Amino acid sequence: MTEKGEADSLLVTGGAGFIGSNFVRYLARVNPQVKIVVLDKMTYAANPHNLDGLSSNPIVIRGDVCDSSLVEQIIREHHINGIIHFAAESHNDNSIRDAAPFIHTNIYGTYVLLEAARSHGLRFHHVSTDEVFGDTSVEDVTRFDESSPYHPSSPYSATKAASDHLVRAWWRTYGTRVTITNSSNNYGPYQHVEKFIPRQITNILTGRRPKVYGQGKDVRDWLSVEDDCRAIWYVYCRGRLGQTYLVGADNRLSNLAVVQMILRMMNRPLDEVEFVGGRPGADRRYAIDASKIRRELGWRPFQANFAKSLEATIEWYKTHESWWIPAKQMTELRYQQEGH
Ligand code: NAD
Ligand code: TYD
């Protein structure tokens with residue numbers, strides 16, 4: 001419960017996706033008295049089974065965040081007093097193929113929710129990414145912080161940057177009570193097999209070779225999804241209004257190093273890696289300075305041992321084949337058509 005009692009009835013958009021469903025599970029565990037209403041369009045990225053087995057079942061509504069009448073109806077009917085906004089088109093490769101759904105959902109959808117928050121006086125938390133800052137060179141040692149300039153590279157990152165700007169404009173212009181988290185790459189259970197870590201694990205489990213873009217030198221700053229969910233909840237409950245908090249765990253590794261760890265953990269030879277065509281405009285390196293959320297809110301990563309959490313993630317995919325197998329073939333077919 002927030003100190004201001006604002007968590008009684010929470011609208012969680014995108015709650016059937018990767019981070020959203022982990023968040024719903026986290027909240028059901030730490031604050032079971034909060035009523036959770038999930039609004040999710042159930043795109044290819046969602047899986048309704050992500051929310052199975054929770055003791056306090058969330059209300060799940062299939063629908064689009066761009067549908068302002070539906071959003072209005074949900075807020076009234078469920079006496080919503082806060083929104084945590086995860087819903088988005090989230091995969092860079094897809095945004096390069098077709099940016100249209102990214103522009104619609106990520107920008108227009110955020111606008112619809114901000115308007116709803118404004119007219120009902122709701123608290124609004126926006127879940128965003130470090131990709132809004134663009135990249136640094138691989139050799140660089142600097143990290144992004146809350147004052148870093150916005151330089152998004154891909155259509156996906158550009159739409160997330162646009163949505164962050166909208167959120168700040170609603171704070172500055174209308175006084176809507178907003179906060180933003182920009183986190184680095186998440187990993188953990190329930191992540192779609194199109195993303196880097198699950199793709200490599202499930203490739204190995206299905207007899208395919210792990211696929212590394214370019215030479216595998218690009219660097220990502222890996223954050224366990226559970227640590228991100230806790231950060232989001234801390235900011236929702238205790239963050240300063242109008243503020244942005246960067247979330248990262250200082251786990252920077254090249255893509256090749258991560259694949260080699262996975263191969264070792266799965267007892268496969270390192271030369272099984274297949275190098276495939278890279279992404280146009282690929283970001284080289286992300287690095288997060290999370291000092292602000294550590295200092296102001298006392299957040300820190302509980303799963304700071306990346307190797308241990310990666311082992312647990314591999315184990316999760318090994319034991320949840322029925323969850324990911326339905327999406328695997330189509331995902332690989334699509335990658336194959338694009339030379340990835
Ligand atoms: P995801 O693709 O796994 O899930 C997105 C969810 O949003 C899906 O359940 C999907 O059905 C839903 N959705 C899509 N369009 C919708 C619409 N128009 N209306 C309602 N629901 C819709 O994504 P994720 O990885 O869980 O990311 C969640 C959020 O976190 C996104 O906003 C993303 O930009 C941000 N983020 C992700 C990462 C990461 O590493 N995955 C890192 C930082 C920030
Ligand atoms: P991804 O999981 O798509 O996240 P993001 O683009 O948001 O960082 O990719 C992470 C990194 O892994 C990125 O540098 C691209 C690379 N990559 C591969 O090398 N192979 C793959 O099969 C995929 C999906 C990504």
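The figures that follow rest on heavy atoms only: side chains count, while hydrogens, waters and symmetry mates do not. All values reported here derive from a predicted model rather than from experimental measurement. Whatever order the structure lists ligands and atoms in, that order sets their numbers, starting from 1.
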Those residues that, when tested against W316, pass ring-ring contact (aromatic ring centres under 6.0 Å, His included) (two or more places apart): Y190, H320, W323
Using the salt bridge (charged side-chain N to carboxylate O under 4.0 Å, His left out) definition, which of the options D140, D218, D135 pairs with R284? D218
How far apart are the closest heavy atoms of E131 and N92, and which atoms are they?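 Shortest heavy-atom separation between E131 and N92 comes out as OE1-ND2, 2.8 Å.
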Taking distance alone, with no angle check, do [X] and ligand 2 share an N/O pair under 3.5 Å?
| X | value |
| --- | --- |
| R199 | yes |
| N185 | yes |
| R279 | yes |

Q191-ligand 1 polar pair, N/O distance under 3.5 Å: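 It does not: no N or O of Q191 is found under 3.5 Å from an N or O of ligand 1.
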For residues 58-70, run the donor-acceptor check on the side chains, cut-off 3.5 Å, and write out each pair with its distance to 0.1 Å, sequence neighbours left out.
from	atom 1	to	atom 2	distance (Å)
D64	OD1	C66	N	2.8
D67	OD1	S69	N	3.3
D67	OD1	L70	N	3.1

May I ask you to list the atoms of ligand 1 that are less than 4.0 angstrom from any heavy atom of S128?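 Listed by number with element, the hits are 43 (C), 44 (C).
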Contact partition for M42 relative to ligand 1, non-hydrogen atoms under 4.0 Å: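 The answer is the backbone.
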Kindly confirm or rule out a cation-pi arrangement of R29 over Y26, judged by NZ or CZ under 6.0 Å from the six-membered ring centre and within 45° of its axis?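 R29 over Y26 ring: no.
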Please work out whether any backbone atom (N, CA, C, O) or any side-chain heavy atom from C-beta onward of H340 is under 4.0 Å from ligand 2, and answer side chain, backbone, both or neither. neither
